[in-house]
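Heads up: numbering here begins at 1 and tracks the sequence.
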Amino acid sequence: QVQLVEPGGGSVQAGGSLRLSCEGVEYMDCMAWFRQSPGKTREGVALITSGSSTDYAESVKGRFTVSKDNAKNILYLQMNSLKAEDSAMYYCAAAPRWACRFVPADYSYWGQGTQVTVSS
């Protein structure tokens with residue numbers, strides 16, 4: 001089910017930046033971004049806990065930053081130095097879970113997905 005709203009996708013040239021947003025995020029112990037390309041398994045990109053601890057996939061460390069605005073109930077993913085391999089459908093997700101991890105099945109709430117295309 002689509003429970004969150006994700007504006008912010010789009011196309012950008014390699015090396016560029018893009019910020020994704022996920023609206024409707026209420027308090028959850030774990031909030032995350034996943035992405036999926038055709039024919040590939042959905043993979044975790046970044047996550048943030050209620051205590052603002054973060055984790056990132058090795059492929060995006062140093063380039064992506066996950067953050068949240070609790071007052072506005074918005075989750076963000078700032079993507080810098082984008083590469084062609086970052087192209088995918090991006091999904092935000094949230095889970096009332098103590099231990100956060102990059103396992104899609106752990107998440108109860110999902111955005112509808114937003115396409116990110118990086119050209120090179």
Side-chain angles (χ1 to χ4, degrees):
Q1 291 183 306
V2 177
Q3 300 166 312
L4 306 174
V5 179
E6 296 182 49
S11 299
V12 65
Q13 290 188 327
S17 298
L18 199 62
R19 187 176 74 167
L20 304 184
S21 300
C22 177
E23 301 177 355
V25 178
E26 298 178 0
Y27 173 78
M28 288 288 173
D29 289 331
C30 188
M31 289 160 279
W33 290 95
F34 289 82
R35 67 186 181 188
Q36 187 169 21
S37 297
K40 297 182 179 180
T41 302
R42 187 169 298 189
E43 65 173 341
V45 177
L47 62 80
I48 184 167
T49 69
S50 59
S52 296
S53 176
T54 60
D55 194 16
Y56 299 90
E58 285 294 327
S59 60
V60 308
K61 284 183 178 178
R63 300 188 297 118
F64 290 12
T65 302
V66 61
S67 62
K68 59 183 178 179
D69 185 332
N70 290 326
K72 297 181 179 180
N73 293 327
I74 302 176
L75 177 71
Y76 298 103
L77 182 66
Q78 178 65 47
M79 304 184 291
N80 299 324
S81 301
L82 284 162
K83 304 175 180 179
E85 53 263 41
D86 293 319
S87 296
M89 184 72 75
Y90 283 72
Y91 301 87
C92 61
R97 187 178 180 88
W98 167 64
C100 295
R101 58 182 186 173
F102 291 127
V103 178
D106 286 350
Y107 295 81
S108 303
Y109 305 93
W110 290 86
Q112 81 281 4
T114 186
Q115 182 67 47
V116 171
T117 301
V118 183
S119 62
S120 62

Step by step, would you call M79 with D86 a side-chain contact (heavy atoms from CB on, under 4.5 Å)? CA-CA 9 Å; M79 304 184 291; D86 293 319; 5.9 Å; no
Drop me the distance from [X]'s [atom1] to [Y]'s [atom2], to the nearest 0.5 angstrom.
{"X": "L82", "Y": "T117", "atom1": "CG", "atom2": "OG1", "result": "11.0 Å"}
{"X": "L47", "Y": "S53", "atom1": "CG", "atom2": "OG", "result": "7.5 Å"}
{"X": "C22", "Y": "L77", "atom1": "SG", "atom2": "CG", "result": "10.5 Å"}
{"X": "F102", "Y": "Y56", "atom1": "CZ", "atom2": "OH", "result": "9.0 Å"}
{"X": "Q36", "Y": "T41", "atom1": "CD", "atom2": "OG1", "result": "7.0 Å"}

Can you check side-chain contact (heavy atoms from CB on, under 4.5 Å) on V45 and Y90, steps first, answer last? CA-CA 9 Å; V45 177; Y90 283 72; 4.2 Å; yes
Same apolar cluster: Y109 and I74, side chain cutoff 4.5 Å: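 Looking at the clustering, I74 is in a separate group from Y109.
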Worked verdict on M89 versus V116 for side-chain contact (heavy atoms from CB on, under 4.5 Å): CA-CA 6 Å; M89 184 72 75; V116 171; over 6 Å; no
Heavy atoms, side chains only, cut-off 4.5 Å: are [X] and [Y] in contact?
{"X": "S87", "Y": "S37", "value": "no"}
{"X": "S52", "Y": "K68", "value": "yes"}
{"X": "E43", "Y": "R35", "value": "yes"}

Using only atom types and a distance under 3.5 Å, with no angle test, would you say the side chain of [X] pairs donor to acceptor with the backbone of [Y]?
{"X": "Q13", "Y": "V118", "result": "no"}
{"X": "E23", "Y": "L4", "result": "no"}
{"X": "T54", "Y": "T65", "result": "no"}

So, D55 and R101, do they make that salt bridge, N to O below 4.0 Å?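 A salt bridge is absent here (no side-chain N lies under 4.0 Å from a carboxylate O).
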Tell me whether R97 is salt-bridged to D29, with the criterion being a basic N under 4.0 Å from an acidic carboxylate O.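 So R97 does not pair with D29 through a salt bridge.
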Might you work through the side-chain contact (heavy atoms from CB on, under 4.5 Å) test for E6 and L75, ending with a clear yes or no? CA-CA 9 Å; E6 296 182 49; L75 177 71; over 6 Å; no
Show me the pairs that pass side chain to side chain donor-acceptor pair (under 3.5 Å) and involve residues 70-81, at least two apart or across chains.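 Non-adjacent pairs meeting side chain to side chain donor-acceptor pair (under 3.5 Å): S17-N80, Q78-N80.
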When the ring centroid of F34 is compared with that of Y107, is the distance short of 6.0 Å?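 Yes; Y107 has its ring centre under 6.0 Å from that of F34.
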Within 45° of the six-membered ring axis of W110 and under 6.0 Å from that ring's centre, is NZ or CZ of R42 located there?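 Here R42 passes the 6.0 Å and 45° test against W110.
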Members besides V103 in its Ile/Leu/Val/Met/Phe/Trp/Tyr cluster (side-chain heavy atoms under 4.5 Å):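 Its cluster mates, by chain and number: none.
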